[in-house]
Visitor: 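Below are the structure tokens for one structure; questions will follow.
The chain is numbered in sequence order, starting from 1.
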Amino acid sequence: MVHGLPGVAIIRGHVAPPYATGSFLLSRFSIQIQRLDSRLFREEEGASPAQRSSEQRVRKYSELKQPYFTNFIHTTRERSGSSDDAGVPGPRLDGVYSERELFREVLIRKGFDELEGLPSLLDKLLQTTAFNSAYLGFSRELTRHIRTDLADTLRSWIEEAGTTFRSDLALFYYYLWENDVAFPDVQFNPQAVSTSGVPLLPIQVFGMA
């Protein structure tokens, strides 16, 4: 797992908001994957109000991710853990809005009005955006280490990453799966793609690392 970031939902090709898609969590011990069905991005006949609401949130996040969410993450990264931004939405006791709350107000004025009724939604989206940024950086670095076999790939990557490789091992295997990098020693479970709770790899793979 990327240091300092919680597990969040990841869908093949991009990181998706965990509140909307549900079931891809990265941890050191397991990977669960659920493809993002294209139905999330269009209104369907007979869809329930909850389904339509989730679709709308996914759509609005996708529309505002660039540049709003991405820029906010990069400009406030050093202060993202500040307790001043972690409270109840709205102005502080002295009437001054934090950067996070100003950002929330901007998003609401841009049409993301669901943020008003879901106080925890913004934090989840910010975590998703931060994780996505970290994973993209990780994948760019890992690309340079891909070799013709698993042992040489791991050796090249670990020589650069050092002992921190263990904390990023789940991302390493996800990268192989996402980019169709096939090694005889790595057998992904095809049922994990469509079945919630089924790990992409056996837990023992992480224990042997």
Side-chain angles (χ1 to χ4, degrees), residues 1-38 40-41 58 61-62 65-66 69-71 73-74 77-78 80-81 124-209:
M1 187 179 295
V2 176
H3 295 293
L5 292 174
V8 295
I10 294 189
I11 307 302
R12 187 169 188 140
H14 71 286
V15 179
Y19 71 88
T21 56
S23 66
F24 185 103
L25 294 178
L26 280 180
S27 71
R28 181 177 175 183
F29 305 105
S30 66
I31 304 178
Q32 300 174 358
I33 293 178
Q34 179 181 9
R35 288 183 187 273
L36 182 62
D37 194 293
S38 61
L40 286 177
F41 293 98
V58 170
Y61 172 71
S62 298
K65 181 180 176 181
Q66 296 287 353
F69 280 93
T70 300
N71 285 350
I73 285 295
H74 287 300
R77 187 177 298 275
E78 294 183 358
S80 61
K124 292 179 180 180
L125 293 176
L126 290 174
Q127 290 171 5
T128 294
T129 307
F131 186 91
N132 184 56
S133 175
Y135 175 72
L136 290 177
F138 173 86
S139 62
R140 283 194 295 267
E141 291 297 319
L142 185 60
T143 298
R144 301 185 290 105
H145 299 289
I146 299 300
R147 304 291 187 265
T148 56
D149 63 77
L150 179 62
D152 287 343
T153 298
L154 283 170
R155 186 178 300 110
S156 176
W157 174 48
I158 292 173
E159 284 178 354
E160 181 175 292
T163 57
T164 62
F165 85 92
R166 291 180 182 274
S167 61
D168 290 335
L169 198 57
L171 292 182
F172 172 83
Y173 285 113
Y174 176 75
Y175 174 92
L176 298 185
W177 177 82
E178 182 190 38
N179 292 277
D180 297 317
V181 179
F183 294 125
D185 297 330
V186 181
Q187 301 295 323
F188 296 113
N189 187 341
Q191 294 182 353
V193 176
S194 57
T195 306
S196 177
V198 176
L200 186 62
L201 288 168
I203 293 177
Q204 291 82 351
V205 171
F206 299 90
M208 293 186 298

Visitor: If we ignore hydrogens and angles and just use 3.5 Å, is the side chain of S133 paired with the main-chain N or O of T129 as donor and acceptor?
Guide: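 No; zero donor-acceptor contacts below 3.5 Å.
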Visitor: Heavy atoms only: give me the nearest P199-A192 pair and the separation to one decimal.
Guide: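 Shortest heavy-atom separation between P199 and A192 comes out as O-CB, 3.6 Å.
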Visitor: Does the side chain of W157 come within less than 4.5 Å of L169's, by heavy atoms?
Guide: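 Counting from C-beta outward, L169 and W157 do come under 4.5 Å.
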Visitor: Under the side-chain contact (heavy atoms from CB on, under 4.5 Å) test, which residues partner I158, sequence neighbours left out?
Guide: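 I158 satisfies side-chain contact (heavy atoms from CB on, under 4.5 Å) with L154, F165 once adjacent residues are dropped.
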Visitor: Side-chain contact, heavy-atom cut-off 4.5 Å: Y173 with L200?
Guide: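 A side-chain contact under 4.5 Å is absent here.
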Visitor: Does some side-chain heavy atom of V186 sit less than 4.5 Å from a side-chain heavy atom of V181?
Guide: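 They are not in contact (no side-chain heavy atoms under 4.5 Å apart), so the answer is no.
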Visitor: Once the angle between the rings of Y174 and W177 is folded into 0 to 90°, is it parallel (under 30°), tilted (30 to 60°) or perpendicular (over 60°)?
Guide: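 Y174 vs W177 ring planes: tilted.
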Visitor: Atom NE2 of H145 and atom OG1 of T143: how far apart are they, to the nearest 0.5 Å?
Guide: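 Answer for the NE2-OG1 pair, H145 versus T143, is 9.0 Å.
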Visitor: From L142 CG over to L171 CG, what is the distance, rounded to the nearest 0.5 angstrom?
Guide: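 Result: 9.5 Å between the selected atoms.
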Visitor: Partners of T70 by side-chain hydrogen bond (donor to acceptor under 3.5 Å, both in side chains), sequence neighbours excluded?
Guide: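 side-chain hydrogen bond (donor to acceptor under 3.5 Å, both in side chains) list for T70, sorted by chain: Q66.
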Visitor: Any idea which heavy atoms bring N132 and K65 closest together, and the distance?
Guide: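 The answer is ND2-NZ, 2.7 Å.
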Visitor: State which residues pass side-chain contact (heavy atoms from CB on, under 4.5 Å) with T153; sequence neighbours excluded, sorted by chain then number.
Guide: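 Checked T153 against side-chain contact (heavy atoms from CB on, under 4.5 Å); matches are I146, R147, F172, F183.
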Visitor: With sequence neighbours excluded, tell me which residues meet salt bridge (Lys or Arg N to Asp or Glu O under 4.0 Å) with D152.
Guide: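 In terms of salt bridge (Lys or Arg N to Asp or Glu O under 4.0 Å), with neighbours along the sequence ignored, D152 is linked to R155.
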Visitor: Which heavy-atom pair separates A151 from D149 by the least distance, and what is that distance?
Guide: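 So the two residues come closest at N-OD1, 3.1 Å.
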Visitor: With sequence neighbours left out, write down each residue that passes side-chain contact (heavy atoms from CB on, under 4.5 Å) with R144, or none if nothing qualifies.
Guide: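 R144 satisfies side-chain contact (heavy atoms from CB on, under 4.5 Å) with E141, E160 only.
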Visitor: Looking at the rings of F138 and Y175, which for Trp means the six-membered one, are their centres under 6.0 Å apart?
Guide: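 No - the distance between ring centres of F138 and Y175 does not fall below the 6.0 Å cut-off.
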Visitor: Distance from I73 atom CD1 to T128 atom OG1, nearest 0.5 Å?
Guide: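 These two atoms lie 9.5 Å from each other.
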